[in-house]
Protein chains: 4
Amino acid sequence: MATPQQPRRGDTRRRIQDVALELFAERGYEKTSLREIAEHLDVTKAALYYHFKTKEDILISITDDLARPVDELIAWAQSQPRTLATKQEVLRRYSDVLWGAAALFRFMQENQATVRELSIGESFRSKVSALNGLLTESESTLTAQVRSCTALFALHAGMFAMQGIEADPEEKRAAILEVALDLVAQAEAAVTA
Amino acid sequence: MATPQQPRRGDTRRRIQDVALELFAERGYEKTSLREIAEHLDVTKAALYYHFKTKEDILISITDDLARPVDELIAWAQSQPRTLATKQEVLRRYSDVLWGAAALFRFMQENQATVRELSIGESFRSKVSALNGLLTESESTLTAQVRSCTALFALHAGMFAMQGIEADPEEKRAAILEVALDLVAQAEAAVTA
Amino acid sequence: MATPQQPRRGDTRRRIQDVALELFAERGYEKTSLREIAEHLDVTKAALYYHFKTKEDILISITDDLARPVDELIAWAQSQPRTLATKQEVLRRYSDVLWGAAALFRFMQENQATVRELSIGESFRSKVSALNGLLTESESTLTAQVRSCTALFALHAGMFAMQGIEADPEEKRAAILEVALDLVAQAEAAVTA
Amino acid sequence: MATPQQPRRGDTRRRIQDVALELFAERGYEKTSLREIAEHLDVTKAALYYHFKTKEDILISITDDLARPVDELIAWAQSQPRTLATKQEVLRRYSDVLWGAAALFRFMQENQATVRELSIGESFRSKVSALNGLLTESESTLTAQVRSCTALFALHAGMFAMQGIEADPEEKRAAILEVALDLVAQAEAAVTA
DNA sequence: GATGAATGAGCATTCATTCAT
DNA sequence: AATGAATGAATGCTCATTCAT
């Protein structure tokens with residue numbers, strides 16, 4: 001017999017992560033207090049500490065879960081030939097990853113100053129850097145390098161910063177991806193020319 | 001008779017702004033306490049309150065000073081014909097503005113979550129939005145709009161996020177500008193075609 | 001079939017006491033948390049509550065076990081004639097008791113402020129007081145009384161506080177006992193004189 | 001014109017030290033919270049932090065003030081010949097110091113476990129050790145060394161632990177000092193013999 | 001043009017304890 | 001014989017802010 005009164009069973013840990021991410025993304029990491037998180041969940045602050053060692057730990061656990069796909073993408077890309085097709089596929093997949101964990105990446109982008117001092121900062125930076133390395137040929141023109149790099153940032157910015165452009169979200173996402181794909185294509189053209 | 005002991009006279013207000021911006025940019029707004037700012041200046045916290053009404057006020061005053069050129073740029077652009085040449089000149093001038101007040105814009109970009117809840121948030125957003133409007137033709141392709149928008153973000157990202165690319169700063173800046181100029185050119189081409 | 005994995009059977013209660021005493025003596029009562037004790041034993045905090053009603057209860061149970069010999073010593077002494085020989089034998093036996101439960105007495109001595117507010121405080125005080133009464137004749141000189149009292153404290157201090165004196169532990173203990181015996185002898189001499 | 005309403009002027013720092021020492025000595029360091037101290041003084045916790053950086057800092061400042069005489073005593077003793085007369089004078093002066101800052105030394109003795117982990121622990125130990133060194137000749141009998149050491153502990157114990165002996169405080173103090181003086185005399189006799 | 005002294009509200013964290021399972 | 005999940009109360013500490021001088 002189910003007791004729908006008691007919210008859920010054993011999923012408190014996940015619920016904490018969900019609420020925390022939501023609040024972190026909305027109001028920022030520092031401005032989100034553990035009291036707030038606890039209140040949203042109708043538990044005490046101490047309950048959070050049963051599940052996580054520190055506030056930072058909550059964030060780390062979220063990142064570990066949600067950023068894994070990026071690692072997989074990097075691993076996959078490293079096993080592929082460094083062709084334009086590969087690079088474009090990286091962008092396509094990265095776009096999917098980004099939209100699949102939009103709240104986390106929004107948080108990362110909007111709290112860079114905070115994140116930089118947290119342990120997840122370094123791992124985030126190194127992932128973006130790795131992706132960049134996969135798109136860019138170091139012997140190509142400076143302009144070409146900037147173009148590849150911009151392709152990546154277009155995807156990032158596209159998630160939240162391009163709200164000025166009014167359009168169906170999926171169409172907009174497709175347009176952004178198209179621009180990004182085009183940028184790496186132009187970058188590649190420069191090198192092969 | 002000069003008193004070289006006291007470094008400056010009456011410029012405490014400006015010194016507060018300088019130190020505050022430096023710390024805000026480096027460690028984030030929330031994590032920078034007034035105590036820290038005061039200690040860096042070798043005055044008491046109360047002294048800060050003689051010059052500024054609140055912590056947020058310090059930030060506002062900095063923004064007011066440093067973001068004025070953006071307003072001027074927008075005003076200028078609005079008085080010009082909406083040609084490609086104008087748009088490219090906007091990007092060129094914006095690049096100058098950005099690099100002229102790098103610390104402030106870095107701060108804005110890395111503390112978006114915080115800034116959003118502050119009064120400067122809205123004015124910052126509206127400026128970027130206005131610039132965007134000046135670069136974009138609303139009747140053009142979605143892709144074209146994204147391209148213009150990306151041109152702007154390329155300049156933003158270029159200031160700090162493209163550290164993976166090693167090159168002489170000025171050359172890099174020129175390359176970023178070139179990519180941005182090219183993006184609006186492509187956007188324009190789509191509309192005229 | 002023996003299961004050498006599980007180190008012991010049913011002796012959890014005793015293991016808790018052992019670990020608790022060790023930690024109480026090393027880091028103090030207040031600074032030793034039940035979490036720490038539980039972690040050292042690889043059980044949960046709740047397990048401690050299966051065996052003991054409260055944190056203080058753990059300490060009480062340790063004291064009950066280890067301080068019994070002191071009660072026996074007092075009882076024995078009370079059944080003996082109040083001669084110098086008896087007093088000296090009390091000191092000899094007390095020295096044994098002290099070294100047989102060194103950790104407990106070290107704890108008592110180093111946590112007096114805490115112990116005073118705990119229920120064991122009173123019983124500890126009254127035991128020391130009883131011993132003192134057995135060594136001291138209330139009608140003798142003030143100086144003589146102090147000497148007897150000092151004999152007792154010499155034994156206490158000797159356990160841990162005389163680390164400045166480098167010597168074989170057993171020899172040192174013997175020397176301390178000798179000084180203590182001498183002190184009661186001098187005290188007694190004053191009274192009989 | 002005096003305003004007796006406002007308790008005092010600028011002596012808050014000293015009042016904090018006084019109340020803190022009183023409470024530390026009475027209830028122990030860990031069990032004394034900053035809230036309690038603040039309430040006793042009718043100020044807020046934050047006020048304590050205006051005057052001291054941390055809780056430990058309050059204790060350190062007290063110790064620095066009150067333990068200085070011990071340093072002076074050690075310095076004086078080191079400038080004197082290592083005769084019996086010197087040693088006895090050391091004991092006499094030390095007795096004065098001890099009774100002059102009784103609360104602090106009571107605290108030290110009753111909170112050894114706590115003090116050991118605090119920064120003042122080491123400095124306290126080293127002072128007692130230095131005094132011991134001044135009273136003891138390392139080439140003399142083990143028994144003689146123990147006797148000197150015991151002389152010191154008799155003074156310590158005498159402040160609070162000898163409450164079993166009922167007598168006029170000053171007479172008792174004199175008796176304790178006499179026993180201590182006698183102990184070093186006996187120690188010295190052994191060496192010269 | 002500043003300081004010294006203080007406050008009120010808040011924060012992350014820890015603790016002893018409870019209880020259904 | 002023990003655990004998993006949680007609580008209520010407290011702790012040390014920091015912060016932006018105020019105000020009389």
Side-chain angles (χ1 to χ4, degrees), chain A residues 6 8-13 16 30-38 41-58, chain B residues 6 9-13 16 29-38 41-58, chain C residues 6 9-13 16 29-38 41-58, chain D residues 6 8-13 16 30-38 41-58:
Chain A
Q6 287 168 248
R8 265 130 275 176
R9 271 268 318 154
D11 60 347
T12 306
R13 198 188 141 91
I16 293 172
E30 336 260 358
K31 300 230 326 184
T32 302
S33 70
L34 295 188
R35 179 178 51 71
E36 267 177 293
I37 297 176
L41 289 165
D42 223 39
V43 296
T44 59
K45 273 185 292 172
L48 305 184
Y49 279 92
Y50 176 75
H51 294 281
F52 299 95
K53 251 175 41 203
T54 62
K55 184 184 181 183
E56 186 175 352
D57 224 53
I58 299 180
Chain B
Q6 290 167 244
R9 251 198 68 79
D11 60 348
T12 306
R13 199 187 139 90
I16 293 172
Y29 179 75
E30 333 262 357
K31 299 226 331 184
T32 302
S33 71
L34 295 188
R35 179 174 53 71
E36 267 178 292
I37 297 176
L41 288 165
D42 228 36
V43 296
T44 59
K45 273 185 291 175
L48 305 184
Y49 279 90
Y50 176 80
H51 292 283
F52 299 94
K53 247 175 50 204
T54 63
K55 183 185 183 184
E56 187 175 351
D57 227 53
I58 300 179
Chain C
Q6 288 168 244
R9 250 198 69 80
D11 60 348
T12 306
R13 200 188 138 89
I16 293 171
Y29 179 76
E30 335 260 358
K31 299 225 333 184
T32 302
S33 71
L34 295 187
R35 179 174 54 70
E36 265 177 294
I37 297 176
L41 289 165
D42 228 35
V43 295
T44 59
K45 273 184 292 174
L48 306 183
Y49 279 90
Y50 177 79
H51 293 282
F52 299 94
K53 248 175 48 203
T54 64
K55 184 184 182 184
E56 187 175 351
D57 226 54
I58 300 179
Chain D
Q6 284 168 247
R8 264 130 277 174
R9 270 273 315 159
D11 60 347
T12 306
R13 198 188 142 92
I16 293 171
E30 334 260 359
K31 299 227 334 184
T32 302
S33 70
L34 295 187
R35 180 178 50 72
E36 268 177 293
I37 297 177
L41 288 165
D42 222 38
V43 294
T44 58
K45 274 185 291 171
L48 306 185
Y49 280 92
Y50 176 75
H51 294 281
F52 299 95
K53 250 172 47 200
T54 62
K55 184 184 181 184
E56 186 175 351
D57 223 54
I58 299 179

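Protein chains get the first letters and strands the later ones, always in sequence-line order, with residue 1 at the start of each.
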Problem set entry | Nucleotide nearest D:Thr54 when distance is taken to its side chain, options F:dC15, F:dT7, F:dC13 | F:dC13
For this session: Whole angstrom is fine here: how far is it from CD in B:Glu30 over to P in E:dG10?
Result: 15 Å
Seminar exercise, completed: B:Leu48 CG to F:dA16 C1', in whole Å, measures 11 Å
Exercise. If you check the D:Ala47 side chain, which of E:dG8, E:dA6, E:dT14 turns out closest?
Worked result: E:dA6
Exercise. Pick the nucleotide of DNA chain F nearest each of B:Leu34 and D:Tyr49; which residue has the one closer to the 5' end?
Worked result: D:Tyr49
Exercise. Within less than 4.0 Å of OP1 or OP2 of F:dA1, is there a side-chain N or O belonging to C:Thr12?
Worked result: no
Problem set entry | B:Lys55 NZ/CZ over B:Tyr29 ring centroid, <6.0 Å and within 45° of normal | yes
For this session: With rounding to the nearest 0.5 Å, note down the distance linking OG1 in C:Thr54 to CG in C:Leu34.
Result: 9.0 Å
For this session: To the nearest Å, give me how far apart OH (B:Tyr50) and P (F:dA20) are.
Result: 17 Å
Exercise. OP1 or OP2 of E:dG10 sitting under 4.0 Å from any side-chain N/O of A:Ser33?
Worked result: no
For this session: Hey, which sits more toward the 5' end of DNA chain F by its nearest nucleotide, B:Lys55 or D:Thr32?
Result: D:Thr32
Exercise. Nearest-Å distance, CD1 (A:Ile16) to C1' (F:dA6)?
Worked result: 11 Å
For this session: Please say which of C:Val43, C:Thr12, C:Ile58 ends up in a side chain to side chain contact (heavy atoms under 4.5 Å, CB included) with C:His51.
Result: C:Thr12
Exercise. Rounded to whole angstroms, how far apart are CG on A:Asp11 and P on F:dG4?
Worked result: 17 Å
Seminar exercise, completed: Nearest heavy-atom contact between B:Thr44 and B:Ala38 is C-CB, 3.8 Å
Exercise. Tell me: CD of A:Glu36 to P of E:dA9, nearest whole Å?
Worked result: 17 Å
Exercise. Does F:dA1 have a Watson-Crick or wobble partner in any strand here, with both distances under 3.5 angstrom, and which is it?
Worked result: none
Seminar exercise, completed: 5'-most contact on DNA chain E (nearest-nucleotide basis), D:Asp42 vs B:His51, goes to B:His51
Seminar exercise, completed: When rounded to whole Å, the CZ to C1' distance for the pair C:Arg35 and F:dA5 reads 17 Å
Exercise. What are the two closest heavy atoms between D:Phe52 and D:Ile16, and how far apart are they?
Worked result: CE1-CG2, 3.6 Å
For this session: Could you please name the partner base of F:dA10, counting Watson-Crick and G-U wobble pairs only when both distances are under 3.5 Å?
Result: E:dT13
For this session: Give the nucleotide from the list E:dC15, E:dA6, F:dG4 with an atom nearest to the side chain of C:Thr44.
Result: F:dG4
For this session: Establish whether the base of E:dT17 is bridged to the side chain of C:Lys45 by a donor-acceptor pair shorter than 3.5 Å.
Result: yes
Exercise. Rounding to a whole Å, what distance do you find between D:Lys31:NZ and E:dC15:P?
Worked result: 16 Å
